[in-house]
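One structure below.
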Amino acid sequence: MRFLFKTHYNQDIDHLKHGGDRFWYGLLLVLVAAAPAALDTFYLGELNLVMIYAIAGVGLMLLVGYTGQVSLGHAAFLAIGAYTHSLLLGAGVPFLFSLVAAVLVSALVGAGVGWIALRMTGIYLAIATLAFAMLTEQTISRAEWLTGGFRGLAVPQPSLFGMPLTEGWQRYYLTLALLVVTLLLALNILRSSTGRAMVAIRDSEISAESVGINLAVYKTLAFALSAGITGLAGALFAHRLGYLSPDAFTFLISLQLLLMVVVGGVGSMRGVIYGALFIGFLPQLLAIARDTLPPQIAQAPGLEPGIFGLILVLVILFEPQGIFGRWLKIKSYFQLFPLYRRATHRRQKTYLRTERLR
Amino acid sequence: MEGDTLSQLLQVLVNGLAVGCIYGLIALGFVLVYKATEMVNFAQGDLMMLGAFMAVTLIGDVGMPWVLGLVLSVLALAVFGYLLDAFVLRRVLGEPQFAIVMLTIGLGFIFRAVAGLVWGYDPRSFPTPYTGESLRVGGVVVSYENLAILLGTLVLCVVLFLFFRHTRLGIGMQATSQNQLAAYYVGIPVKRVFSLVWAISAGVAAVAGILLAPVSLVQPGMGFIGIKAFAAAVIGGFGSIPGALLGGWIIGVSEQFAGVYLPAGFQEMAAYGILIVALILRPEGLFAQIQRKKV
């Protein structure tokens, strides 16, 4: 086990707590920066997609994992970001400005949804966000004069400072840079008083309110932040798709984002990355699994959502802390060897949790 | 001319009420489970789909009489609901609401995939004794399918009302939904009651599926109307059985009216629009169940 000798107060909130952290994260950064040299175009594209998912996941995690507000409609913010970005690019706005505009528009809509959602909790909130996503999807498919409806909308090629971003590795570095910035932003928010207020709201609204946290402000802020970051992911996702249509942003996508957060581990930013890797490479794994399964099952349409559902159910039943939670258990097993006890990580349940009184 | 508009209005109203009854029945399933166990079952629409497919197998493929097929499908789904609670959902009791929502969404996806594997994705149907006929009252045409939906809902609600009001088990369920711990202390088998509530809720879903089958064909994706039923349950306050039905009617009728009198697209959006407006105006539903805790 490692014992930290703290010599400074700020060590409590350092992102990298000790030399080991610095070494491993530095190595990771070097590896992802060197990845384009080693990987072929296909895997580079997949890794790019994983990072786009991760950005959206950071947005959703801020809301679900740290503020405790469930959203079943984050595909809507993805769509708003994607459409805003493509429309502005098409109108001749420079890439960076349209990217910022996509973030701002999504954040604004998110603040609106958050403001409406102030009056609701738990299940009502989940349903309201679901309804919002359905409405957005319908609006996009009906507003043909703007979005092209189901005919689709071609996404213009991105270019940065006059240099067209067409190569896989250019897009990869763009996404990587944005992911790192987003992660740092989110982590810094989380260690500031804003982030602590969010966590307090997640743990108990009543006690957060009693210590003087303005619920309305922080909940709306959390929604706006989450929606803005998801909108950024949407703008990048638009370039990945190349052609936007409303059926790219269905309920299934919202669910996929949530699945990422749950499988990765609710309440940890590392979980987002694990979840994104999982979601990003699951289709590949399924494609490999299809070759080994009997053809009647393997060729059945609709198998993929079923497997998504199965994974979701299994994770919630057997490892509610997700991949990150499992990692923590494995780590503490080796740290405490041979004294590890299962009871250390046993969950505490409250059987009389009620939402009718709140 | 005046009479035509009136009869058209009535026609739309009747169609809306029939659709609303289906929403109401699914919403009823949500509400029963929520009232008793505080779980929100996002797979309710898919339970309805499974019930309808059971009927397709029993009535359409095996060739049973309609009534027998109906009863057997409802029983099968009730048993399925009981087992679902006993083996899966009981494990997450007391977990945060979020976990339960995700779990039932996952279950819904599994049901859909399994139904697709077993019954395929082509729309199916089964013969009923009343298909194709219709009743004429004045200028309003009520098809027997819609009439069956309206009557079936009415009968089911009366039966449920009598059950909850006058049987030991029904009163025990009410007690459990009011206070689990107190119910346990007075000797009500709370776990079994929970499973039975799930059984009833799945049975009600099966009835809804079988009544809906002649109107819209049976296919794995039919459970998606569960989302609209959700809107119905929320408008009704999520804890009130008459509220669920009323919510269903509001959604159903306004959807039909939007389809006839408003431009294309509004029919699909009506349910969600009403839901959001209702949540803004009365976040606790028309029939409030949540009270604010005094600290």
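Only this structure's heavy atoms are used, side chains among them; waters, hydrogens and symmetry mates stay out.
- Residue B/F257 places its CZ atom among more than 12 non-hydrogen atoms of other residues, nucleotides or ligands, all under 6.0 Å distant.
- Only the side chain of B/L275 comes within less than 4.5 Å of a heavy atom in chain A; its backbone stays farther off.
- Put simply, CZ on B/F230 and CD1 on A/I127 are 4.0 Å apart, with the number rounded to the nearest 0.5 Å.
- Of the atoms belonging to A/V64, it is side-chain heavy atoms, and not backbone ones, that fall under 4.5 Å from chain B.
- Of the atoms belonging to B/I276, it is side-chain heavy atoms, and not backbone ones, that fall under 4.5 Å from chain A.
- When heavy atoms are compared at a cutoff of 4.5 Å, B/I227 approaches chain A solely by way of its side chain, counted from C-beta outward.
- For chain B, the nearby part of A/L130 is the side chain; its heavy atoms alone come within less than 4.5 Å.
- Residue contact with chain A, scored on non-hydrogen atoms closer than 4.5 Å, involves the backbone and the side chain of B/V88 alike.
- We find the CD1-CG distance between A/I316 and B/L103 to be 5.5 Å, quoted to the nearest 0.5 Å.
- If you measure heavy-atom distances from A/L72 to chain B, the contacts under 4.5 Å come from the side chain alone.
- The part of B/F42 that comes within reach of chain A is its side chain, from C-beta onward, which places non-hydrogen atoms under 4.5 angstrom from that chain.
- Comparing A/V266, A/L259, A/L255, A/V262 by how many heavy-atom pairs each has under 4.5 Å with chain B, the most go to A/L255.
- In terms of heavy-atom pairs under 4.5 angstrom with chain A, the leader among B/V101, B/T104, B/I105 is B/I105.
- Between A/R142 atom CZ and B/M269 atom CE the span is 9.0 Å, to the nearest 0.5 Å.
- The minimum heavy-atom distance between A/G306 and B/A113, with the atom names listed, is CA-CB, 3.5 Å.
- The distance from the CZ atom of A/F132 to the OH atom of B/Y272 is 14.0 Å, given to the nearest 0.5 Å.
- Within the 4.5 Å cutoff, side-chain heavy atoms of B/F98 are placed close to those of A/L258.
- Chain B forms more heavy-atom pairs under 4.5 Å with one residue of A/I307, A/V313, A/I116 than with any other, namely A/V313.
- Nearest approach of B/F109 to A/P305, heavy atoms of both residues: CD2-CB, 3.4 Å.
- From B/I280, atom CD1 reaches atom CH2 of A/W115 across 7.5 Å, with rounding to the nearest 0.5 Å.
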